[in-house]
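Naming convention: chains lettered A, B, ... in sequence-line order (proteins, then strands); numbering from 1 in each chain.
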There are 2 protein chains.
Amino acid sequence: MQHGYDAARMRSIAERAEINKGLLHYYFKSKEALLVEVFGETFSKLFLTIQNVTEEDGNLFDMIGKVVDVYIEFMMDNPQLPTFIIQELNRDPERHIQRMKKASFKFPFVGLDKAMNQAQEDGLVNPEVNSRHFILNLISMTLFPFVAAKMVGFMFKLNDKQYKQFLRERKKEITRTLIASIQA
Amino acid sequence: MQHGYDAARMRSIAERAEINKGLLHYYFKSKEALLVEVFGETFSKLFLTIQNVTEEDGNLFDMIGKVVDVYIEFMMDNPQLPTFIIQELNRDPERHIQRMKKASFKFPFVGLDKAMNQAQEDGLVNPEVNSRHFILNLISMTLFPFVAAKMVGFMFKLNDKQYKQFLRERKKEITRTLIASIQA
DNA sequence: GTCTATATTCAGATAGAC
DNA sequence: GTCTATCTGAATATAGAC
């Protein structure tokens, strides 16, 4: 996850696991097979985290804050995760998409989507708001600062500690932005 | 740019340039040296594009729409560019940051930052809005759909043509969202 | 400048002793 | 299951003819 598939070395992985290179192959057969395991686990973990939050509550405005909060906290615990997934999907898109279809992964934001429709029916949200763009805005503002951490840190001249603080501030910033953008 | 440094092959590059592998080394010495050229050009191109727009006009609200428009158009012409840059920065952060400092690259959104400060002084924009978060919101909503194109396309069940259309719609969506988020 | 042929290095993978 | 030693292939890089 740290280096991505192509730059990762079976030797380094074995070293870090404090086992032999041969043994690593004994357990996982090939580098590809190891990747499949790691990617599968990583991906489910991420999707399940989202799904849990969006299924809990019915109120859109509460849900937005919760999703952003959980999402950012999760990423701060696993900062290399989004980059890893994106890199992988770009490396071999067809393979991963086939695999996701097979595992019948479904859109993890269904709960949020439903809450949005309900709020629009109730007249609480601007009916012109498109829920796809809204959800993509949420994901973008949340994930991008992790994917591009190095660049953003450089642009804003923030060291690692300051960057973490910046990300914590971002929770309420993103929530505020999203809510302002859907006000009826 | 298509495959990233680690997965790119000197052989394939030579083939696509319709020259010999040896000749490729004759011109660029090493794979690393070739990367430095490509990354440098790519990076300047991107930054200059932004800088041009934010230097033109003084009015914040006009500028937001323009920046988003130019940014998205540019990315639609160079869709692999953001992924390439992000991948590279993650591959060898120190090296690239040193290089950027040396080339005295400066924050390309200064113009936008200034316009924001001015608008806040003039009482046109909510004084509590933090311009860093605002700018990062703009960048995130614009770039993320390119970086994660495969994943988003899969989630929303859009083929390539539909995805392009979706990105075009996004221009006004992003602009609308940003303006709503700073309203005084 | 441009090519062919070759050197070098190193990764992933396997064989086989224990 | 765990290790050492080895195989094989591939990728970058160089040497040298033309």
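A close approach under 4.0 Å does not occur between any side-chain nitrogen or oxygen of A/Tyr26 and OP1 or OP2 of D/dC3.
If you take CD of A/Glu32 and P of C/dA11, they are 17 Å apart, rounded to a whole angstrom. Between the CD atom of B/Glu15 and the P atom of D/dA11 there is a distance of 11 Å, rounded to whole Å. With rounding to whole Å, B/Asp6 atom CG is found 13 Å from D/dT12 atom C1'. The distance from atom OH of A/Tyr5 to atom P of C/dG12 is 8 Å, rounded to the nearest whole Å. When rounded to the nearest whole Å, the span between NZ of B/Lys31 and P of D/dT12 equals 5 Å. Straight-line distance from the OH atom of A/Tyr27 to the C1' atom of D/dC3: 13 Å, rounded to whole Å. For B/Arg11 and D/dG9, the CZ to C1' distance is 13 Å, given to the nearest whole Å. Between A/Glu18 atom CD and D/dC3 atom P the separation is 11 Å, expressed in whole Å.
Heavy-atom neighbours of B/Asp160 CG from other residues, nucleotides or ligands within 6.0 Å: at or below the threshold of 12.
Both A/Gly22 and A/Arg9 sit near DNA chain C, but only A/Arg9 has its closest nucleotide nearer the 5' end.
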Next item on the list: Let me see the working for A/Phe154 and B/Leu89 under side chain to side chain contact (heavy atoms under 4.5 Å, CB included), right down to the final yes or no.
Entry: CA-CA 11 Å; A/Phe154 173 72; B/Leu89 281 171; over 6 Å; no
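Residue B/Met10 places its side chain closer to D/dT12 than to any other of D/dT12, C/dC3, C/dA13. Relative to the side chain of B/Ser30, the nucleotides D/dA13, D/dT14, D/dC3 differ in distance, and D/dA13 lies closest. Here D/dA13 is the nucleotide among C/dA13, D/dA13, C/dA11 with the atom lying nearest to any side-chain atom of B/Lys21. Distance from the side chain of A/Asn20 is smallest for D/dC3 among the nucleotides C/dT2, C/dA13, D/dC3. In the set C/dC3, C/dT14, D/dT14, the nucleotide with an atom closest to the side chain of B/Ile19 is C/dC3.
Side chains of A/Arg170 and B/Asn137: a donor-acceptor N/O pair is present below 3.5 angstrom, by distance only.
No donor-acceptor pair closer than 3.5 Å links the side chain of B/Gln183 to the backbone N or O of A/Ala180. Put simply, the side chain of B/Lys31 gets close to the backbone of B/Ala8: a donor and an acceptor are under 3.5 Å apart.
Looking at heavy-atom distances under 4.0 Å, A/Ala8 makes contact with sugar-phosphate atoms alone, never a base.
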